[in-house]
Amino acid sequence: MNRFNPAVSDGRWQRIWDERAAFRADSTSNKPKTYVLEMFPYPSGRIHMGHVRNYTMGDVIARFRRARGFEVLHPMGWDAFGMPAENAAFERKTHPEGWTRQNIAAMRAQLKTLGFAFDWSRELATCDPDYYGHEQALFLKMLEAGLVYRKESFVNWDPVDMTVLANEQVIDGKGWRSGAPVERRKLSQWFLKITDFAEDLLDGLGDLAEWPDKVRLMQENWIGKSKGLQFRFAINGSSDTLEVYTTRPDTLFGASFAAIAADHPLASKLAHDNPGLAAFIEDCRKSGTSAAEIETAEKKGYDTGLSVIHPLDPTRQLPIFVANFVLMEYGTGAVFGCPAHDQRDLDFARKYQLPVIRVVGDADEPVYNEAFVGTGKLVNSQFLDGMEVEEAIAAVIARAEADGWGTGTTQYRLRDWGVSRQRYWGTPIPIVHCGDCGVVPVPLDQLPVKLPADVSFDKPGNPLDHHPTWKHVDCPKCGKPARRETDTLDTFADSSWYFIRFASQPEDKPFDRAEAESWMPVDQYIGGVEHAILHLLYARFWTRALKACGMIDVEEPFKQLFTQGMVTHETYKAMDGRWLEPTEVIAKDGALFEIASGAPVTAGRIEKMSKSKKNTVDPTPIIEQYGADAVRWFVLSDSPAERDLQWTEAGIDGAWRFVQRVWRLVDGCEDADGEDADLTRAVHRAIQGITDDIEALRFNKAVAKSYELAGAIEKAKPSKDRVKAIHTLIQLVSPAMPHLAEEAWSALGEDGLVIDVPWPVADPAMLHDDTVTLAIQINGKLRDQLDAAKGAPRADVEALVLARDKVVAALDGGHPKKIIVVPDRLVNIVI
RNA sequence: GCCCCUGUGGCGGAAUUGGUAGACGCGCUCGACUCAAAAUCGAGUGUUGAAAGACGUGUCGGUUCGAGUCCGACCGGGGGCACCA
């Protein structure tokens with residue numbers, strides 16, 4: 001008996017697909033087109049199991065749709081710019097480009113061993129000047145359309161290394177290398193006007209029926225549309241006013257203070273002759289820029305001594321505080337505090353001994369340490385008393401508009417997209433700053449603005465800025481000496497249009513409109529759920545921006561989205577706190593030890609595989625041992641695709657066994673006459689089930705049904721139908737196990753490749769059974785079962801059930817109160 | 001802190017709209033084949049109980065003839081939070 005030998009077969013079939021250019025996507029094809037895309041990888045070094053899972057899912061869909069008669073575009077490329085390359089350059093004295101290119105070569109070779117049906121002729125890397133040059137053109141197009149502007153905003157500043165830090169590089173408020181407390185510092189930066197599209201991006205979610213609900217919900221909350229009241233407080237003893245925004249104008253009578261952001265112009269103004277306040281503002285800036293850091297920081301305030309006049313009750317004055325929890329980026333950078341109905345305001349009020357005035361709900365029940373955030377009727381609120389919250393909101397807005405101190409407005413939480421990065425390894429922003437002409441775009445015929453190769457990473461900071469000559473250029477407009485922009489674009493820009501470049505890649509422009517439109521939108525997009533907000537929102541925005549620029553008539557880039565779960569693994573830590581790789585750890589007598597030293601190891605949490613935690617697993621040795629198909633089969637089989645998959649070494653064996661089990665069926669396939677109606681019914685059920693499951697990306701269920709079909713074939717006696725069933729089984733598993741399928745197809749004596757055989761279709765007449773097993777319940781508890789004809793009339797079923805021994809015994813001569821019959825499922829006797 | 005998701009045997013999970021909980025796989029146990037092992041094949045496998053049965057889907061409560069599924073509160077785990085990709 002032969003065994004299937006992937007060491008020989010995998011390479012053979014990969015070569016044959018390659019020679020025939022089997023997966024080349026033809027833009028001029030007459031077949032219906034479909035575009036299957038997985039999020040392209042960052043070339044971090046080696047592929048990991050998350051990649052294998054992601055690309056296997058996409059590959060199954062791509063091969064399945066190909067078999068269903070589609071012209072399939074299924075490309076692969078590299079999200080090649082980013083910080084890790086610069087970190088490697090800094091640490092190992094290598095050049096980011098060399099490091100990146102090496103990683104791409106290694107990962108491409110690894111992906112090829114998995115036999116993915118990619119159109120490699122369209123491969124691209126975002127660090128190719130060919131790619132980022134076109135991106136620069138798109139940036140300038142957006143600049144021209146008024147979608148790009150400059151403004152000051154905060155960055156994390158490491159005062160020792162004198163460099164900007166990413167949020168990831170701020171650990172417990174300190175710079176990751178210097179260990180110095182991080183500060184916020186203002187820098188002039190480039191922004192894209194994503195907020196111009198806030199309403200449109202929100203509306204568009206409604207049409208994305210084939211996106212997961214949770215992703216649409218997260219994006220909706222991220223955009224954060226709210227309706228409220230924007231109004232002016234008169235500042236006591238001054239002609240100035242303080243503009244605030246609130247979503248709860250109904251609680252205005254419960255206001256007991258006003259608070260402004262540390263970066264609010266009023267705060268800066270007051271700080272001039274108030275050293276205490278200046279110190280407080282300084283203190284507020286001693287933290288990073290991330291929301292998680294700011295919002296979990298201790299709530300602190302500084303009483304400015306000023307107060308505002310309550311707009312609905314001029315006899316009341318509210319103190320103005322500068323507070324570290326008010327964000328300048330949201331609303332107007334100023335709020336009023338209503339402690340009784342907002343937990344944060346309540347904590348603040350208790351800390352600074354401010355009044356707590358209940359204005360919603362039961363007036364007799366005072367608010368102590370828990371704010372009342374529910375709804376109810378207004379109290380202690382003059383003309384609002386007795387109104388419901390919604391009514392009161394409308395009433396206050398109406399009053400404000402009538403009296404002229406405020407207006408009802410719509411706000412979005414969404415902020416414009418800051419794209420400036422003070423780093424080398426990214427797309428240079430194609431701008432020249434000229435003393436006379438100001439901001440001057442680099443002319444299109446001078447693109448790409450290429451990164452200089454000769455840079456040094458000896459000192460922290462942006463090598464482009466340190467470069468002796470690169471930034472010194474003549475102004476393209478007036479010819480006088482000028483300065484090149486040294487910031488590069490956020491790498492999210494690179495991944496915001498690569499899917500269009502995949503569809504069409506002319507040399508002289510970013511894409512050919514007609515060709516791109518013939519493939520777009522991506523029909524099936526697959527990637528990690530961790531991208532649910534940022535990447536997907538930026539890509540949706542960028543596509544809309546291109547449409548607004550008149551470059552493409554596509555609004556939503558991804559028609560159907562699937563967010564796969566992550567591949568996780570236990571983490572391991574040595575006694576001295578070092579993270580250890582799974583291969584460095586051994587389990588003995590229920591405890592863990594470091595192999596090298598024998599020292600005990602603590603098992604940490606199960607987390608997303610990441611380089612920093614070292615809990616990654618390299619797929620290559622496993623592919624070498626078991627072959628591509630077993631690995632592909634395993635990553636599909638164990639967990640639902642949208643859920644996290646915990647990688648364990650056990651389990652791959654089961655997939656390997658199935659590969660051989662299918663091979664044995666093929667190898668032992670005997671020609672014979674005669675029919676086998678039961679087996680044929682099982683085959684058609686499997687065709688229907690597996691087809692539906694693949695379409696819905698329920699791969700784990702398709703796998704289970706494949707096992708069932710294999711089992712049915714094993715049990716069947718030789719017959720003509722059994723030979724057919726084996727052929728069908730091979731077709732059904734071919735998207736997931738393509739190498740085995742080709743080998744089997746050829747071994748069965750078929751000419752041609754299984755990839756060219758149309759997908760089987762189930763005969764609806766073969767999908768039904770004549771009898772069903774009914775459950776018999778007494779008071780909702782299962783007591784008996786009964787085989788009955790499918791679709792039997794209710795009266796017949798009832799009679800049959802009432803005659804059962806167990807039912808007779810339970811009734812004990814009495815009558816049932818009620819009989820519930822669920823056709824073809826169950827009968828429940830209520831006694 | 002805020003937003004989103006998730007919790008079912010020893011393990012991964014299945015259960016289409018509320019209708020027989022545990023499909024399928026892993027692991028384990030026993031048996032067959034073998035000098036032996038591997039591979040393979042067969043039987044069994046939620047807990048408890050001799051059996052009938054009882055119990056059982058993170059916890060507590062509710063709706064219902066019937067709840068893993070719906071509602072409320074709570075607990076645990078994960079993802080995102082705008083400069084990680």
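Proteins come first, then strands; the chains are lettered A, B, ... in the order of their sequence lines, and each starts at number 1.
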NA contact type, [X], heavy-atom cut-off 4.0 Å: base, sugar-phosphate, or nothing?
X       : value
G224(A) : nothing
L826(A) : base
A532(A) : nothing
F492(A) : base
P41(A)  : nothing

Of the nucleotides [options], which one has an atom closest to the side chain of [X]?
X       : options                : result
M566(A) : A23(B), G79(B), A14(B) : G79(B)
V822(A) : A85(B), U40(B), G19(B) : G19(B)
L782(A) : A21(B), A85(B), G79(B) : A21(B)
E530(A) : G80(B), A82(B), C5(B)  : G80(B)
D79(A)  : A85(B), C83(B), G19(B) : A85(B)
R657(A) : C26(B), A85(B), A14(B) : C26(B)
R664(A) : G1(B), C5(B), C41(B)   : C41(B)
L534(A) : U20(B), A82(B), G13(B) : A82(B)
A292(A) : G1(B), C24(B), A14(B)  : G1(B)
R413(A) : A82(B), G13(B), G25(B) : A82(B)

Establish whether the base of [N] is bridged to the side chain of [X] by a donor-acceptor pair shorter than 3.5 Å.
X       : N      : answer
N221(A) : C3(B)  : no
Q169(A) : C83(B) : no
Q189(A) : C83(B) : yes

Is [N] paired to anything, Watson-Crick or G-U wobble with both distances less than 3.5 Å, and if yes, which nucleotide?
N      : value
C28(B) : G44(B)
C81(B) : G1(B)
U57(B) : none
G7(B)  : C75(B)
A39(B) : none
G22(B) : none
A67(B) : none

(request) Dump the intermediate steps for salt bridge (charged side-chain N to carboxylate O under 4.0 Å, His left out) on R150(A) and E485(A), then the final yes or no. (result) CA-CA 12 Å; R150(A) 265 170 100 65; E485(A) 171 70 61; 3.5 Å; yes
(request) Indicate yes or no: does D784(A) engage R804(A) in a salt bridge with an N to O separation below 4.0 Å. (result) yes
(message) As a test of the definition: with a 90° window around 0 for syn, would you call G79(B) syn or anti?
(response) anti
Length of the [atom1]-[atom2] vector between [X] and [N], whole Å:
X       : N      : atom1 : atom2 : value
R46(A)  : A85(B) : CZ    : C1'   : 20 Å
E293(A) : C83(B) : CD    : C1'   : 13 Å
R783(A) : C65(B) : CZ    : P     : 18 Å

(request) Check W633(A), W663(A), F4(A), Y626(A) against F658(A) for a ring-ring contact (aromatic ring centres under 6.0 Å, His included) and give me the one that passes. (result) W633(A)
Please measure how far the [atom1] atom in [N] lies from the corresponding atom in [M], and state the result in whole Å.
N      : M      : atom1 : value
U59(B) : C11(B) : P     : 14 Å
G9(B)  : G58(B) : P     : 8 Å
A21(B) : G53(B) : P     : 14 Å
U69(B) : U57(B) : P     : 9 Å

(message) Show, in sequence, the C-alpha distance, side-chain angles and deciding distance for R177(A) and E91(A), and conclude whether the salt bridge (charged side-chain N to carboxylate O under 4.0 Å, His left out) test is met.
(response) CA-CA 11 Å; R177(A) 289 200 223 273; E91(A) 279 157 18; 3.1 Å; yes
(message) Reading RNA chain B from 5' onward, which residue's closest nucleotide shows up sooner: Y42(A) or D653(A)?
(response) D653(A)
(message) Let me spell it out: for each of L414(A) and E708(A), pick the nucleotide of RNA chain B with the closest heavy atom. Which residue's pick is nearer the 5' end?
(response) E708(A)
(message) Within the 4.5 Å heavy-atom criterion, are Y149(A) and K193(A) side-chain neighbours or not?
(response) yes
(message) For E714(A) and R661(A): C-alpha separation, side-chain torsions, deciding distance, then whether salt bridge (charged side-chain N to carboxylate O under 4.0 Å, His left out) applies.
(response) CA-CA 9 Å; E714(A) 279 162 356; R661(A) 200 172 146 200; 2.8 Å; yes
(request) Anything under 30° is parallel, anything over 60° is perpendicular, the rest tilted; go ahead and classify H51(A) against Y55(A). (result) parallel
(message) Just to verify, which of T488(A), D490(A), N462(A) counts as forming a side-chain hydrogen bond (donor to acceptor under 3.5 Å, both in side chains) with R421(A)?
(response) D490(A)
